[in-house]
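Note sheet for the following structure.
The chains referred to below are lettered A, B, ... by the order of the sequence lines, with proteins before strands, and numbering in each begins at 1.
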Number of protein chains: 2
Amino acid sequence: MAGDDDLHATATSRLRRDQQRYTASRRALVDALAVAGRPVTMPELLRDRSDLALSSAYRNLAVLERAGVVQRIVTSDEHARFELAEDLTGHHHHLICGSCGRVDDFRVSSQLERSLEVALARIVEGTGFRADHHRLDLVGTCADCG
Amino acid sequence: MAGDDDLHATATSRLRRDQQRYTASRRALVDALAVAGRPVTMPELLRDRSDLALSSAYRNLAVLERAGVVQRIVTSDEHARFELAEDLTGHHHHLICGSCGRVDDFRVSSQLERSLEVALARIVEGTGFRADHHRLDLVGTCADCG
DNA sequence: CTCAGTGCAAAGGATTTGCATGCCG
DNA sequence: CGGCATGCAAATCCTTTGCACTGAG
């Protein structure tokens, strides 16, 4: 569908900007991330596509991250998690299960987001810290683990 | 001073509850964390106390974490960071430098905290997710790296 | 005397890197 | 053709674990 076309078109152009190719493996990884719709670990990502070597997957995700297509997040020890860059999916936050580690996305009202931004801007004001973005995670126990 | 006495008294009793002793090494670690006043990595923690073996430090911090005296946080790959449990230092958030990795504490108004809690409670309502606590991080570049 | 705490060395686990090969452009 | 992507294996890095020893109660 159109959304996916846009996604791949964007990925292509961002990779090209970095003089990188949008290979089948990379496209498959982006597809898998889009389908997942939440940050996934490397084992989860390769569960289906077990043909791609682990090292290649890591290398491809690193390339995609440098190009701004993929974002890597670290929520705990164990495995890092990968998701599509926020400007492709929209600003969101993470619901983290402390038991199984599962991570899901959620969004808050733009009103609360604005309050947050204002409050955070005020906090760093005059400290020399240059704020880039904020992260708001909700940690608890998911339905399956509860 | 009194605050430190309280801290060590609390640590002692929490360890005792777990049938663990408050050894000199453990006390030194708690002191170092209190002095740091922000989440520190293992290398930072042992910079001064280089007499304690790395494995012992990890073991002691694990004991202190189980007892609820210390909290371990993971902000990136590389090193985990350790800080005193939040009920000893008060609820706070983290200012993270994406360049050098340094982490500092900050607090927001209790009014904003309340708005956050309300909004987050509404989000998980009826999802089966049982919320434990939230995390709000501000990511950017610190004064030294800017 | 006993057992928990310690140090040292080795193991573990996720991720990265070196190198030879194959394929796309 | 030339260079980049890939696979495999080895290396890295933080952290954990095994084991023998020692010191506190």
Side-chain angles (χ1 to χ4, degrees), chain A residues 8 11-33 39-47 49-67 69-83 100-103, chain B residues 8 11-12 14-32 39-67 69-83 100-101 103:
Chain A
H8 293 303
T12 303
S13 89
R14 292 195 185 174
L15 283 175
R16 188 141 42 207
R17 199 206 299 144
D18 274 18
Q19 303 176 309
Q20 298 283 347
R21 300 184 213 154
Y22 198 37
T23 61
S25 308
R26 291 171 187 173
R27 187 185 176 99
L29 288 170
V30 168
D31 260 332
L33 290 175
V40 289
T41 63
M42 186 60 82
E44 286 168 355
L45 206 47
L46 296 184
R47 190 144 303 158
R49 323 203 41 76
S50 52
D51 47 315
L52 187 63
L54 206 56
S55 59
S56 299
Y58 276 115
R59 268 192 279 238
N60 282 329
L61 288 169
V63 168
L64 288 166
E65 187 180 20
R66 272 195 295 275
V69 176
V70 162
Q71 177 149 10
R72 174 194 188 121
I73 65 175
V74 182
T75 49
S76 69
D77 297 345
E78 333 262 86
H79 294 274
R81 284 176 181 270
F82 301 89
E83 64 181 343
C100 69
R102 181 183 169 102
V103 179
Chain B
H8 292 304
T12 303
R14 291 194 185 176
L15 284 174
R16 188 140 43 207
R17 200 207 301 144
D18 274 18
Q19 304 176 310
Q20 297 283 347
R21 301 186 211 152
Y22 198 37
T23 61
S25 306
R26 290 171 187 172
R27 187 184 175 100
L29 288 170
V30 168
D31 260 332
V40 288
T41 63
M42 186 59 83
E44 286 168 356
L45 206 46
L46 296 184
R47 190 145 304 159
D48 302 312
R49 322 203 40 75
S50 53
D51 46 317
L52 187 64
L54 205 58
S55 57
S56 298
Y58 276 114
R59 270 193 278 240
N60 282 329
L61 288 170
V63 167
L64 289 166
E65 187 180 21
R66 273 194 295 276
V69 176
V70 162
Q71 178 149 10
R72 176 193 187 121
I73 64 174
V74 182
T75 48
S76 69
D77 297 345
E78 334 261 88
H79 294 274
R81 285 177 180 269
F82 301 90
E83 63 182 342
C100 68
V103 180

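Contact between the side-chain N/O atoms of Gln20(B) and the OP1/OP2 oxygens of dG5(C) is found at a separation under 4.0 Å. Residue Ser25(A) places at least one side-chain N or O closer than 4.0 Å to OP1 or OP2 of dT6(D). Between His79(A) and dT15(C), a side-chain N or O to OP1/OP2 separation shorter than 4.0 Å is present. Contact annotation: Thr23(A) side-chain N/O to dT6(D) OP1/OP2 distance is under 4.0 Å.
Computed from coordinates, the Leu46(A) CG to dT6(D) P distance equals 12 Å when rounded to whole Å. Whole-Å rounding puts the Arg26(A) CZ to dC24(C) P distance at 14 Å. A straight line from CG of Asn60(A) to P of dT15(C) spans 15 Å, rounded to a whole angstrom. Going from atom CG of Asp51(A) over to atom P of dG7(D) covers 7 Å, rounded to whole Å. Atoms CD (Glu65(A)) and P (dT15(C)) sit 12 Å apart, rounded to a whole Å. The CG-C1' distance, from Asp18(B) to dA4(C), rounds to 14 Å in whole Å. Separating the CD atom of Glu78(B) from the P atom of dT12(D) is a distance of 17 Å, rounded to the nearest angstrom. To the nearest angstrom, C1' of dG5(C) lies 13 Å from CZ of Arg66(B).
In terms of heavy atoms, Glu83(A) sits closest to Pro39(A) at OE1-CG, 3.5 Å. Here the shortest heavy-atom pairing between Val69(A) and Ala11(A) reads CG2-CA, 4.0 Å. His8(B) and Asp31(B) get closest at one heavy-atom pair: NE2-OD1, 3.1 Å. The two atoms that bring Leu45(B) and Ala32(B) nearest to each other are CD1-CB, 3.7 Å, heavy atoms only.
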Dump the intermediate steps for side chain to side chain contact (heavy atoms under 4.5 Å, CB included) on Leu64(A) and Phe82(A), then the final yes or no. CA-CA 10 Å; Leu64(A) 288 166; Phe82(A) 301 89; over 6 Å; no
Are Leu54(B) and Met42(B) close enough, and set up right, to give a side chain to side chain contact (heavy atoms under 4.5 Å, CB included), and what steps lead you there? CA-CA 8 Å; Leu54(B) 205 58; Met42(B) 186 59 83; 3.8 Å; yes
Candidate pair Val63(A) and Leu15(A), rule side chain to side chain contact (heavy atoms under 4.5 Å, CB included), full reasoning: CA-CA 8 Å; Val63(A) 168; Leu15(A) 283 175; 3.7 Å; yes
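End-to-end axis angle for the helix from dC1(C)-dG25(D) to dG25(C)-dC1(D), using five pairs per end and rounding to 10°, comes out at 20°.
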Each nucleotide in nucleotides 16-25 of chain D should get exactly one letter: B, S or -. Can you fill that in based on protein heavy atoms under 4.0 Å? BBB-------
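Contact check for Leu52(A) versus Leu29(A): side-chain heavy atoms found under the 4.5 Å cut-off.
The residue Ala62(B) sits apart from the nucleic acid: no heavy atom pair falls under 4.0 Å.
Listed by first and then second residue, the side-chain hydrogen bond (donor to acceptor under 3.5 Å, both in side chains) pairs involving residues 54-65 of chain B are Arg26(B)-Asn60(B) (not counting sequence neighbours).
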